[in-house]
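Numbering starts at 1 and runs along the sequence shown. We count ligands from 1, going down the list as the structure has it; atoms in each ligand are counted the same way.
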Amino acid sequence: MMLLGTQRINSEGRLEIGGVDTTRLAAEYGTPLYVMDEAALREKARAYLVAFSARWPKVKVSFAGKAFLCTGICKVIEQEGLSLDVASGGELYTALQAGFPVEQITLHGNNKSVEELRMALEAGVGHIVVDNFLELDLLTDLLSEMRGGLSRPQPILVRVAPGIDPHTHRRISTGQADTKFGFDVASGAVLMAVRRALEIPGIEFRGLHCHVGSQLLDTDCHEASVGIMADLVIQVKQQLGVECPELNVGGGLGIRYLASQQPPSLEAFADVVTRVLRDRLESAGVALPTLLQEPGRSLVGEAGTTLYTIGSIKQIPGTRTYVAVDGGLSDNPRPALYEAKYSVISANKAAQPHDQVVTVSGKHCETDLLFPDTPLADPQPGDILAVQSTGAYNFAMASNYNRFRRPAVVLVSEGQADLLVRRENYEDLVARDLMPARLARQTM
Ligand code: LLP
């Protein structure tokens with residue numbers, strides 16, 4: 001059994017996280033429940049900073065909020081000295097509500113609206129990562145409209161599609177040439193974009209950005225993309241005569257969903273990235289930029305666990321046994337979207353042998369096979385299941401399908417549990433529904 005972060009089996013044979021018995025959490029907060037291991041998250045944040053700071057003169061680690069964002073997590077991220085990247089007006093609003101230092105926020109997006117750009121400019125975000133030429137036009141107009149209203153030029157990075165095809169699931173690849181994201185290298189669009197950005201009053205060009213893919217379990221893609229980015233930094237200097245004071249090489253490092261997955265250590269990862277960059281930049285005589293990292297999954301993924309309660313069990317002799325839990329597609333769409341695999345622990349029987357192989361299914365009106373071929377310990381209705389590594393892109397991608405109430409999030413640490421997000425209630429589900437008067441009046 002793979003135990004992550006502060007997970008351990010206590011003297012009663014139950015799974016504990018952050019010193020709290022998971023069956024107690026289930027009883028107190030109900031299930032499905034997202035449990036975040038605060039110590040595991042903080043440790044990852046520190047490890048990122050240590051691994052890169054030991055190898056590069058100036059480093060910034062920015063949490064990709066899309067993986068898991070709520071105001072409480074913003075606070076933890078801020079306390080650990082990380083920056084934050086947001087990919088929508090909603091994520092930016094959350095960060096601002098949490099009081100996150102605005103100069104440490106970066107706005108992303110391949111189709112930012114005027115409203116989102118204005119919000120970011122007015123708030124004074126640290127960076128906007130410009131994705132396309134339309135965005136440069138929109139910024140030009142907004143900046144001239146707001147002239148005098150801004151206390152300083154707006155720092156921007158230019159988003160590059162380095163043309164690397166990451167060997168991860170095709171829906172979570174973002175950096176290959178055939179992508180909706182960023183300026184492509186081969187056509188010369190990157191240098192054209194930098195040239196344009198340099199001409200726009202009110203913009204301060206700070207450097208380049210890329211992100212090649214997600215859940216990468218080796219360093220090959222990063223090695224290739226960082227090399228391309230280093231060459232671009234050199235070209236910007238040689239052809240346009242400007243330095244890139246900053247270089248953001250994105251996120252993408254994978255995590256352990258299964259015990260068989262072995263992502264590179266942070267040290268090995270940082271070694272590769274910094275070695276490639278240093279080699280290329282030093283031999284070209286270009287100053288080393290501040291190196292920005294943008295991890296999402298690898299910061300929060302393993303820190304999250306989802307608790308479910310087992311309900312009905314259906315045996316199809318000679319075929320399989322379905323064990324249904326009280327959540328599914330709505331709290332974890334990743335198996336359906338990406339054929340994602342997870343490890344599951346029978347939380348109230350954690351010390352018993354997990355020797356019955358079943359298919360854990362959800363309770364949606366849909367064949368939501370959540371976790372096929374999963375070994376459990378004598379599954380019975382009422383048992384609590386703990387699904388590991390659900391901290392990234394589960395809560396963040398949850399929906400109300402079948403009008404399910406989205407689960408609560410609880411933060412655990414040193415025996416203490418605190419709600420970060422309350423469970424939705426039935427009133428929440430109809431809170432935005434409106435009844436047009438003409439419908440209310442009509443009786444058939
Ligand atoms: N920066 C940018 C610009 C990104 O697009 C992403 C993720 C990240 C950073 C963080 O990447 P990470 O370190 O988490 O791999 N919903 C999918 C993942 C989509 C990731 C998209 N971009 C999933 O559930 O696997």
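Heavy-atom proximity to Arg297, at under 4.0 Å, picks out these atoms of ligand 1: 12 (P), 13 (O), 14 (O), 18 (C), 23 (C), 25 (O). Counting the atoms of ligand 1 from 1 in the order shown, those under 4.0 Å from a heavy atom of Gly296 are 10 (C), 12 (P), 13 (O), 14 (O). Atom numbering of ligand 1 starts at 1 in the shown order; those under 4.0 Å from a heavy atom of Pro295 are 13 (O).
The pair Arg195-Glu199 fails the salt-bridge criterion, with no side-chain N (NZ, NE, NH1 or NH2) lying under 4.0 Å from an Asp/Glu carboxylate O. Salt-bridge check for Arg118 with Glu145: passed, with a basic side-chain N closer than 4.0 Å to an acidic carboxylate O.
Within the 4.0 Å heavy-atom criterion, the part of Tyr338 lying near ligand 1 is the side chain and not the backbone. Residue Arg159 touches ligand 1 through its side chain alone, judged by heavy-atom distances below 4.0 Å. With a 4.0 Å cut-off on non-hydrogen atoms, Ala64 touches ligand 1 through its side chain and not its backbone. Here His211 has side-chain heavy atoms under 4.0 Å from ligand 1, and that is the only part of it that gets that close.
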N/O donor to acceptor pairs below 3.5 angstrom from side-chain atoms of residues 66-78, sequence neighbours left out:
| unit_1 | atom_1 | unit_2 | atom_2 | d |
| --- | --- | --- | --- | --- |
| Lys75 | NZ | Glu78 | OE1 | 3.4 |
| Lys75 | NZ | Ala98 | O | 3.3 |

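For atom 3 (C) of ligand 1, the candidate residues are Arg334, Glu294, Met397; the nearest heavy-atom contact is made by Glu294.
Distance alone, capped at 3.5 Å, places no donor-acceptor pair between the Gln416 side chain and the Ser413 backbone. Formation of a donor-acceptor pair under 3.5 Å by the Asp331 side chain with backbone atoms of Gly328 is found in this model.
A cation-pi arrangement, defined by a distance under 6.0 Å to the six-membered ring centre and an angle within 45 degrees of its axis, is absent between Arg297 and Tyr393.
Using cut-offs of 30° and 60° on the angle between ring planes, the pair Tyr401 and His364 is parallel.
Assignment of Ala392 to the shell around ligand 1 is not supported, since no heavy atom sits closer than 4.0 Å.
Note: an N/O pair closer than 3.5 Å links Ser214 and ligand 1 by distance alone.
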